[in-house]
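Let me begin by presenting the structure, written as structure tokens, before commenting on it.
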Amino acid sequence: MMERILKGKIREAIKVLYNSDVNNDLIQIQVTRKDFKGDFTLVVFPLLRFSKNTPEKTGETIGNHLVSTFPAISGFNVIKGFLNLEISGKWWTGFFSEMASQSDLLAKCRVPDPEVILVEYSSPNTNKPLHLGHIRNNLLGFSLYRILSACGHKVIKTNIVNDRGIHICKSMLAWQKYGNGETPESSGMKGDHLVGKYYVIFEKEYKQQIEALVNKGMQEEEARNSAPLMKEARDMLVKWEAGEKEVMELWRMMNSWVYAGFDETYRTLGVDFDKIYYESDTYKIGREIVLKALDIKILYTHDDSSIWVDLSGEGLDQKLLLRNDGTAVYMTQDLGTAVLRQEEYGFSRCLYVVGNEQNYHFQVLKAVLRRMGYRWSNGLFHFSYGMVELPEGKMKSREGTVVDADDLIVEMKETAREVSLELGKLSEYSGVEKEEIFRKIGLGALKYFILKVDPKKNMTFNPAESIDFNGNTGPFIQYTYARIKSVFRKAEQTGIEYDPGLLGKARAGEKEIAMIKLLRRFTQTVDEAASIYSPALLANYCYDLAKEYNQFYHDFSILGESDPATRNLRMALSKVTSEVLSKGMWLLGIEMPERM
RNA sequence: GGUCCUAUAGUUCAAUGGAUAGAACGGAGGUUUCCUAAACCUUAAAUCCAGGUUCGAUUCCUGGUGGGACUACCA
């Protein structure tokens with residue numbers, strides 16, 4: 001790594017010039033900004049205390065010393081307090097030959113001490129289909145999995161399905177009353193959508209009952225509780241918890257419909273899981289640990305015998321962990337899931353990909369586990385991401401403003417088809433091939449749009465405008481890739497061969513060196529994306545690289561270049577760029593079409 | 001009330017405490033006998049306010065203001 005070498009040389013230089021030992025933190029090396037001459041920049045301000053001189057003089061002195069002692073540095077200039085070091089073209093081409101010959105681009109990213117890391121993502125409710133918010137969740141979770149795996153960690157993708165509770169009973173009850181035995185087969189509906197339909201029917205009927213009661217003079221609060229449908233739903237939950245046969249069978253049947261539907265969505269989205277947990281299993285474990293903790297006086301009971309934890313010492317509140325009837329709440333099952341996972345995998349880190357609306361929940365979860373003495377709770381990390389909002393505000397299922405995941409994916413593919421057919425570049429390909437290309441482009445646009453944004457920020461999705469295929473978009477990067485592939489097809493046709501052996505002989509021009517510099521940043525970007533959990537970093541890197549390559553492609557002929565060494569260099573640059581783009585996008589879960 | 005997140009061109013997004021705050025879309029204008037114009041080039045346009053720390057602040061700290069979330073015996 002050039003930065004590290006430079007740091008060492010500069011340390012030596014300061015030792016010799018000023019007879020001082022410098023802390024590494026004070027040697028700040030950065031990539032030289034565009035518009036300035038040079039490759040790496042040393043910020044000299046922090047070193048003035050050693051030189052006891054002006055920034056200009058200090059830069060000058062260090063620059064001169066470096067040029068005379070380190071051959072890779074071919075020159076320098078000092079502007080204000082910035083020492084811009086110029087690295088010789090030979091060093092760059094040398095670096096690039098090495099990179100071009102490497103079979104595994106990510107080899108440098110492997111950490112010396114791999115960890116076992118669990119990533120929990122998706123976490124759907126089984127009473128309604130997935131929506132745009134879940135898409136962000138799934139894409140982030142899956143991409144984190146790929147990025148952390150690329151760094152050599154053993155990463156386990158898990159999903160926790162919220163498959164129990166009153167909300168599930170609502171769909172079940174509505175289906176029982178109004179469904180007339182409708183099934184996914186009989187209706188032709190996707191299972192999760194069918195179940196979601198009955199959830200909506202329940203809410204509609206329930207609302208009518210409340211209104212009727214209020215009109216008879218009842219208070220709204222009371223009406224809400226005494227509406228017949230709600231009573232029936234509660235009865236059903238009691239029966240479910242008691243394991244009553246009929247209810248369990250209905251529950252299993254409708255759940256199986258939902259899971260089949262989810263599986264389809266996951267498949268089209270290109271995400272999967274190594275291990276799926278069900279809340280209906282883990283809440284029992286949660287109950288046990290809560291009772292155990294009560295025995296050793298970590299928790300306390302209220303007058304009504306419900307069980308609580310007092311976290312006011314940690315700046316949090318009291319929190320209920322088990323109801324007075326012994327039934328579990330959300331926190332109970334998450335405690336159980338965490339403990340179960342630790343037993344099964346012995347993870348050192350567990351990432352919860354869950355929206356920022358649950359920040360408080362995860363603070364409490366961690367605090368309770370710590371209180372209970374689980375050391376590994378330190379490794380729990382809430383990967384808190386922002387909401388996806390519509391231009392008119394938050395998505396609300398009650399107001400029907402939810403963007404359905406399946407619909408959106410279909411629309412994306414359709415738009416890709418329209419754009420593509422209009423451009424008319426694919427006429428020679430078969431229907432199947434074309435469909436595959438449309439799919440990759442449509443999904444690529446959607447995925448990139450979501451992943452390029454800093455995860456912790458809320459983002460806006462405008463159905464009419466957000467999905468573009470020009471500019472800073474997935475298809476832009478895919479297009480760059482497809483063009484490179486096209487160059488190599490052309491090379492094959494015309495019999496131009498790429499000869500890596502000639503790389504050493506090429507002299508790189510300014511633009512070629514710019515490309516090399518950018519390519520060099522790939523592994524650093526992967527490392528950083530892993531350490532700060534940010535796929536967005538990688539997405540933006542891929543864009544920068546594609547942008548740079550497009551300029552290069554526009555300004556220079558690759559195959560048309562007559563000098564064999566230069567042509568080879570340009571071909572190598574194209575090849576490595578395509579590999580980096582493809583690998584980078586792969587880390588985001590985005591596929592690349594060979595042509596478009 | 002308390003806690004957390006957030007505020008950058010008209011819009012959607014960038015910027016390890018560093019130089020002249022980058023892109024894209026949209027606006028205005030231009031490039032195609034040449035490896036894919038889903039591209040490339042030119043151009044106008046922005047750091048919420050007030051303090052503080054620093055040689056240097058969009059970035060860190062404090063206080064405001066605006067937006068969002070949480071503060072459920074829902075999940």
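Remember, it's a predicted structure, so these values are computed and weren't measured experimentally. No hydrogens, no waters, no symmetry mates; every other heavy atom, side chains included, goes into these values. The sequence lines fix the lettering, A, B, ..., with proteins before strands; numbering per chain opens at 1.
- At a cut-off of 3.5 angstrom, counting only N and O atoms as typed in the model, there is no donor on one side facing an acceptor on the other between the side-chain of A:Glu528 and the base of B:U16.
- Distances shown here put a side-chain N or O of A:Arg33 below 4.0 Å from the OP1 or OP2 atom of B:G22.
- B:A9 and B:U62: their P atoms are spaced 24 Å apart (whole Å).
- Atom CG in A:Asn540 sits roughly 17 Å away from atom P in B:U12 (whole-Å rounding).
- Residues A:Lys575 and A:Ser578 come closest through the heavy atom pair O-OG, 2.7 Å.
- In this structure, A:Arg164 is positioned above the aromatic face of A:Tyr283, its NZ or CZ under 6.0 Å from the six-membered ring centre and within 45° of the axis.
- One finds a side-chain N or O of A:Lys456 lying less than 4.0 angstrom from the OP1 or OP2 phosphate oxygen of B:U6.
- Looking at which nucleotide of RNA chain B each of A:Asn472 and A:Arg595 is closest to, the 5′-most match is held by A:Asn472.
- Distance from the side chain of A:Trp308 is smallest to B:C73 among B:A69, B:C73, B:A14.
- Across B:C48 and B:U12, the matching P atoms stand 15 Å from one another, rounded to whole Å.
- Straight-line distance from the CD atom of A:Glu389 to the C1' atom of B:A7: 13 Å, rounded to whole Å.
- If you take atom P in B:U16 and the same atom in B:G22, they sit 14 Å apart, rounded to whole Å.
- Between the C1' atoms of B:A21 and B:U47, the separation comes to 7 Å (whole Å).
- For the residue pair A:Gly355 and A:Met387, the shortest heavy atom distance occurs at CA-CE, 3.9 Å.
- Proximity of A:Arg234 to the phosphate of B:C74: no side-chain N or O atom is located under 4.0 Å from OP1 or OP2.
- If you check every strand for non-hydrogen atoms under 4.0 Å, A:Gln478 touches nothing.
- Both geometric conditions, a ring-centre gap below 5.5 Å and a plane tilt below 30°, are fulfilled for A:Phe36 over the base of B:A19.
- Proximity note for A:Lys457 (side chain, C-beta onward) versus B:A14, B:A37, B:A21: the nearest is B:A14.
- Straight-line distance from the CD atom of A:Gln333 to the P atom of B:A72: 19 Å, rounded to whole Å.
- Across all strands, A:Asn356 comes closer than 4.0 Å only to sugar-phosphate atoms, never to a base (heavy-atom distances).
- Both geometric conditions, a ring-centre gap below 5.5 Å and a plane tilt below 30°, are not fulfilled together for A:Tyr543 over the base of B:A23.
- For B:C73, the base has a donor-acceptor partner in the side chain of A:Asp304 [N/O atoms by modelled type, under 3.5 angstrom].
- Nucleic acid contact class of A:Val43 (heavy atoms, under 4.0 Å, all strands): base.
- For A:Asn550 and B:C40, the shortest distance from a side-chain N or O to OP1 or OP2 is below 4.0 Å.
- With B:A37, B:A75, B:C25 as the choices, the nucleotide that has an atom nearest any side-chain atom of A:Asn125 turns out to be B:A75.
- Looking at heavy-atom distances under 4.0 Å, A:Thr41 makes contact with a base.
- Across all their heavy atoms, A:Gly424 and A:Ser427 have their closest contact at O-OG, 4.2 Å.
- In this structure, A:Glu548 places its CD atom 14 Å from C1' of B:G22, rounding to the nearest Å.
- Annotation: B:A14 and B:U6 have their P atoms spaced 11 Å apart (nearest Å).
- Taking the side chain of A:Asn470 as heavy atoms from C-beta on, and the options B:C25, B:C35, B:A75, the nearest nucleotide is B:C25.
- For B:A19, neither phosphate oxygen OP1 nor OP2 lies less than 4.0 angstrom from any side-chain nitrogen or oxygen of A:Lys34.
- A straight line from CG of A:Asp35 to P of B:G22 spans 8 Å, rounded to a whole angstrom.
- Between A:Phe202 and A:Tyr199, a ring centre-to-centre spacing not shorter than 6.0 Å is recorded.
- Aromatic stacking is marked for A:Phe45 over B:G18, as both cut-offs hold: 5.5 Å for the centres and 30° for the planes.
- Checked by distance alone, A:Thr480 brings no side-chain donor or acceptor within 3.5 Å of a matching partner on the base of B:A39.
- Residue A:Thr460 is classed as a sugar-phosphate contact, given heavy-atom separations below 4.0 Å to backbone atoms only.
- Using modelled atom types, no side-chain atom of A:Tyr498 and backbone atom of A:Arg567 make a donor-acceptor pair closer than 3.5 Å.
- Residue A:Leu320 places its side chain closer to B:C73 than to any other of B:A75, B:C73, B:C70.
- Following rounding to the nearest Å, A:Ile79 (CD1) and B:G56 (C1') show an atom-to-atom distance of 17 Å.
- Out of B:A37, B:A19, B:A69, the shortest distance to the side chain of A:Glu357 is found at B:A69.
- Spacing between B:C60 and B:G17 at atom P, rounded to whole Å, works out to 8 Å.
- At a threshold of 4.0 angstrom between heavy atoms, the contacts of A:Phe82 include nucleobase atoms, whether or not backbone atoms are also involved.
- Distance check on atom C1': B:C13 versus B:A45 gives 16 Å, rounded to whole Å.
- With B:C35, B:A75, B:C40 as the choices, the nucleotide that has an atom nearest any side-chain atom of A:Gln551 turns out to be B:C40.
- Judged by distance alone, with hydrogens and angles left aside, the side-chain atoms of A:Asp304 form a donor-acceptor pair with the main-chain N or O of A:Ser306 at under 3.5 Å.
- Under the 4.0 Å criterion applied to side-chain N and carboxylate O atoms, A:Glu3 and A:Arg520 are assigned as salt-bridge partners.
- Between A:Arg489 and the phosphate of B:U36, there is no side-chain N or O to OP1/OP2 separation shorter than 4.0 Å.
- Using a 4.0 Å heavy-atom distance criterion, A:Phe556 is classed as a base contact.
- The nearest heavy atom of RNA chain B to A:Met331 and to A:Gly315 marks one nucleotide each, and the one closer to the 5' end goes with A:Gly315.
- Of the candidate nucleotides B:C35, B:A19, B:C40, B:C40 has the atom nearest to the side chain of A:Lys547.
- The two residues A:Asn458 and A:Gly386 make their nearest non-hydrogen contact at OD1-CA, 3.3 Å.
- Backbone-only engagement by A:Val329 is indicated by non-hydrogen atom pairs under 4.0 Å involving sugar-phosphate atoms exclusively.
- Nucleic acid contact class of A:Ile484 (heavy atoms, under 4.0 Å, all strands): none.
- Note on A:Phe476: only backbone sugar-phosphate atoms sit closer than 4.0 angstrom, heavy atoms only; bases stay farther off.
- Considering only the side chain of A:Ser557, B:C35 comes nearest among B:C35, B:G18, B:C73.
- Residue A:Ala482 places its side chain closer to B:U36 than to any other of B:U36, B:A69, B:C74.
- Side chain to side chain, A:Arg521 and A:Thr525 fail the donor-acceptor criterion of an N or O pair below 3.5 Å.
- Between the CZ atom of A:Phe381 and the P atom of B:C4 there is a distance of 16 Å, rounded to whole Å.
- The same atom, C1', is picked in B:G56 and in B:G18; the two are 7 Å apart, to the nearest Å.
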